[in-house]
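Read through the structure below, which is laid out as structure tokens, and then see the notes.
Numbering of ligands and ligand atoms starts at 1, following listing order.
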Amino acid sequence: MSTVTVEAEPEAIAIDPACTAVIVIDMQRDFLEPGGFGETLGNDVSLLQRAVGPIRALLEATRRRKMLIIHTREGHLPDLSDAPKAKIERGAPSIRIGAPGPMGRILIRGEAGHDIVEALKPLPGEPVIDKPGKGAFYATGLGSLLQQRGIENLIVCGVTTEVCVHTTVREANDRGYKCIVPGDCCASYFPEFHEMGLKMIKAQGGIFGWVSDSTRVLVALGRDR
Ligand code: TIU
């Protein structure tokens, strides 16, 4: 085992990269580009673009390290059988989940808007988890995949900080995973929620995990002990 130390708050954390996976949450056109689900909810999607560059740098470093990289996508089956009525009925009928949008049906698997943005496309062999909920563990095979691969720590990034990233970190923390969240690799339509979301993770001695940033993670991965 070869551990590296990642500087973070509330304190530095030692991890073995071989037992650590990167989870990139929902970097989908539906959330990041005009005309998708995010915009239909009334959001300024340009705010999410700022996470793309730092995530790309994180992926390059962790791919070099041959670390496990997992991508997630939020979305539903074309017949909406996996979408709770209460989720579908949010928002005006013309812009709900399943309604036609400029990038295909909104938040539906297989549609253009459901795809991951070009700059962060998964490489062949990198698992892509399709999830119907906000958390990446609910109704997916993520838990068994992590168990099979002997993963103990997660580097969780993506969008949005306080919704799908937070839900996933909370789910992971309850399952015994140590979560590191590089703040600049996450983004929200609400900068104040992003800031508070990160604060909530690291408060009370790291109640949900550790908060760091791409620079400190990259420094750690380049420096074996
Ligand atoms: N609306 C919002 O902030 N987020 C979502 O609906 N999904 C994710 O965070 N991926």
Side-chain angles (χ1 to χ4, degrees), residues 22-52 54-55 58 69-77 80 82-92 95-99 101 103-117 119-122 127-140 142 154-173 179 181-201 208-209 211:
V22 178
I23 304 193
V24 186
I25 304 283
D26 301 359
M27 292 300 285
Q28 294 162 255
R29 300 182 65 197
D30 255 332
F31 293 110
L32 279 95
E33 294 181 10
F37 182 63
E39 198 176 68
T40 70
L41 295 175
N43 297 305
D44 172 4
V45 294
S46 69
L47 287 164
L48 268 48
Q49 296 283 345
R50 56 183 68 164
V52 172
I55 294 177
L58 179 70
I69 295 167
I70 299 167
H71 306 259
T72 72
R73 296 183 296 204
E74 180 179 352
H76 297 280
L77 297 169
L80 297 177
D82 60 351
K85 192 164 169 277
K87 185 178 181 186
I88 299 170
E89 288 178 350
R90 241 51 77 86
I95 53 174
R96 285 178 183 168
I97 294 167
M103 293 187 288
R105 292 178 67 204
I106 292 167
L107 228 61
I108 298 296
R109 293 181 193 168
E111 301 286 349
H114 178 259
D115 240 353
I116 292 170
V117 295
L120 301 176
K121 277 265 176 282
V128 178
I129 301 274
D130 280 320
K131 62 187 183 64
K134 303 303 180 194
F137 286 84
Y138 170 68
T140 72
L142 178 61
L154 302 175
I155 299 173
V156 187
C157 60
V159 297
T160 60
T161 313
E162 78 283 9
V163 181
C164 293
V165 173
H166 236 267
T167 307
T168 299
V169 167
R170 290 169 185 234
E171 287 181 326
N173 184 58
C179 295
V181 180
D184 58 335
C185 298
C186 303
S188 170
Y189 303 117
F190 305 91
E192 68 274 27
F193 290 176
H194 171 76
E195 191 189 333
M196 282 301 162
L198 297 177
K199 279 189 179 168
M200 284 183 210
I201 289 167
F208 295 129
V211 174

>> Suppose we measure from atom 7 (N) of ligand 1 to each protein heavy atom; which comes out shortest, and what is that distance?
In response: Glu74 OE1, 2.9 Å
> Hey, does Val159 come in under 3.5 Å of ligand 1, counting only N/O atoms on both sides?
Replying inline: yes
>> Is there a side-chain contact between Ile70 and Val128 in this structure, where contact means two heavy atoms from C-beta onward sitting under 4.5 Å apart?
In response: no
> Hey, are the side chains of Val45 and Pro34 touching, using non-hydrogen atoms and a 4.5 Å cut-off?
Replying inline: yes
>> Among Thr161, Asn43, Leu47, Val163, which residue satisfies the side-chain contact (heavy atoms from CB on, under 4.5 Å) criterion with Phe190?
In response: Asn43
> How close does the nearest protein non-hydrogen atom get to atom 1 (N) of ligand 1, and which residue and atom is it?
Replying inline: Leu41 CD1, 3.7 Å
> Do ligand 1 and Asp26 have nitrogen or oxygen atoms that lie under 3.5 Å from each other?
Replying inline: yes
> Hey, are the side chains of Arg109 and Asp115 touching, using non-hydrogen atoms and a 4.5 Å cut-off?
Replying inline: no
> Is it true that Arg73 and Asp130 have a side-chain N and a carboxylate O under 4.0 angstrom from each other?
Replying inline: yes
> Any idea which protein heavy atom is nearest atom 8 (C) of ligand 1, and the distance to it?
Replying inline: Cys164 SG, 2.6 Å
> So is Phe37 polar-close to ligand 1, meaning N/O to N/O under 3.5 Å?
Replying inline: no
> Should the proximity of Val165 to ligand 1, defined as any heavy atom under 4.0 Å, be assigned to the side chain, the backbone, both, or neither?
Replying inline: neither
>> For Asp26, is there any backbone N or O sitting under 3.5 Å from a side-chain donor or acceptor partner on Glu74?
In response: no
> Between atom CG of Leu48 and atom CE of Met27, what is the distance when rounded to the nearest 0.5 Å?
Replying inline: 6.5 Å
>> Is the contact between Thr160 and ligand 1 made by the side chain, the backbone, both, or neither, using heavy atoms and a 4.0 Å cut-off?
In response: both
>> So that I can tick it off, tell me whether Arg105 and Asp30 are bridged by a salt bridge, with the cut-off set at under 4.0 angstrom between side-chain N and carboxylate O.
In response: no
> What atoms of ligand 1 come closer than 4.0 angstrom to any heavy atom of Val163?
Replying inline: 2 (C), 3 (O), 4 (N), 5 (C), 9 (O)
> Can you tell me which residue and heavy atom of the protein come closest to atom 5 (C) of ligand 1, and the distance to 0.1 Å?
Replying inline: Phe31 CE2, 3.5 Å
> Less than 3.5 Å between some nitrogen or oxygen of Lys134 and one of ligand 1, yes or no?
Replying inline: yes
> Could an N or O of ligand 1 be found under 3.5 Å from any N or O of Tyr189, whether backbone or side chain?
Replying inline: no
